[in-house]
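When a ligand or atom number is given, it counts from 1 through the structure's own listing order. Residues take their numbers from the sequence shown, with the count starting at 1.
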Amino acid sequence: MFIVFLGPPGVGKGTQSRRLVRHLKIPHVSTGDMLREAISRGEGLTEEEARSMEAGQLVSDQLVVRLVTQRIQDPDCVEGCLFDGFPRTLVQAEALDGILGQRGERLSRVFLLQGTEEELVARMMRRAEIENRADDTAETVRRRMQIYQAQTAPLMDHYRQQGILAEINAMGTQDDVFARVLESLDGNGG
Ligand code: AMP
């Protein structure tokens with residue numbers, strides 16, 4: 001089963017998707033994690049790409065599509081995986097449809113986590129203090145929100161048209177939100 005988690009920065013995609021992969025026993029494929037690991041190993045990204053990531057901007061479609069294409073060839077992804085933070089642009093979404101299509105697969109479900117901008121910004125500022133993430137300053141938080149609205153929000157229509165979009169209210173406790181995710185998964189034969 002191939003699943004995507006979509007949603008604005010700070011909505012809890014990382015937390016919820018990690019819970020769902022434990023539940024479904026499929027690999028967690030986070031392009032953000034893969035990029036951070038590549039940077040800490042000092043390979044795979046040009047200096048310009050690393051800088052644009054620190055500034056809260058998207059790295060190139062080509063780079064993330066290459067990373068994902070390689071990753072899902074690993075044996076643990078034969079039965080499926082959960083994509084967290086990918087796709088983030090229409091180009092990436094179409095590339096993913098193509099990669100899966102070549103294997104005779106398609107996405108089963110796209111979970112769209114939703115929350116109010118006020119709460120999301122507050123959550124990210126808390127996370128910045130706890131995790132000390134280089135891309136969680138007030139300015140980059142605002143920029144990442146704008147990029148989400150401009151580049152990633154249009155993916156909703158792409159997946160709605162495919163009939164696989166599940167919209168989840170992501171406000172409330174982590175347990176509440178996870179219960180909604182599971183309910184949606186069960187409710188639709190997933
Ligand atoms: P995340 O951990 O998913 O919030 O990703 C952190 C940062 O990595 C983003 O702000 C982007 O700079 C970069 N990134 C992660 N995934 C993607 C993607 N699918 N496309 C472009 N850039 C990405």
For R144, the atoms of ligand 1 under 4.0 Å from one of its heavy atoms are 4 (O), 10 (O)

The atoms of ligand 1 lying under 4.0 Å from a heavy atom of G85, numbered in the order shown, are 16 (N), 17 (C), 18 (C), 19 (N)

Using a 4.0 Å cutoff against the non-hydrogen atoms of R36, which atoms of ligand 1 qualify?
2 (O), 6 (C)

Enumerated ligand 1 atoms positioned under 4.0 Å from heavy atoms of L35:
8 (O), 13 (C), 14 (N), 15 (C), 23 (C)

What part of V64 sits under 4.0 Å from ligand 1 if we count only heavy atoms: the side chain, the backbone, both or neither?
side chain

Give the contacting part of K13 toward ligand 1: side chain, backbone, both or neither, where contact means a heavy-atom distance below 4.0 Å.
neither

A student checking ligand 1 against T31 at a 4.0 Å heavy-atom cut-off should list atoms 15 (C), 16 (N), 17 (C), 19 (N)

Please indicate whether any nitrogen or oxygen in D84 is less than 3.5 Å from any nitrogen or oxygen in ligand 1.
no

As an exercise, identify every atom of ligand 1 less than 4.0 angstrom from a heavy atom of Q57.
11 (C), 12 (O)

Sub-3.5 Å N/O-N/O distance, S52 and ligand 1
no

So, is V59 polar-close to ligand 1, with some N/O to N/O distance under 3.5 Å?
yes

Less than 3.5 Å apart, any donor N or O on the side chain of D97 or Q162 sitting next to an acceptor on the other?
yes

Within a 6.0 Å radius of atom CD on E79, are there more than 12 heavy atoms belonging to other residues, nucleotides or ligands?
no

Heavy atoms only, cut-off 4.0 Å: how does L58 contact ligand 1, side chain, backbone, both, or neither?
both

Close-contact set for ligand 1 against Q92 heavy atoms, below 4.0 Å
18 (C), 19 (N), 20 (N), 21 (C)

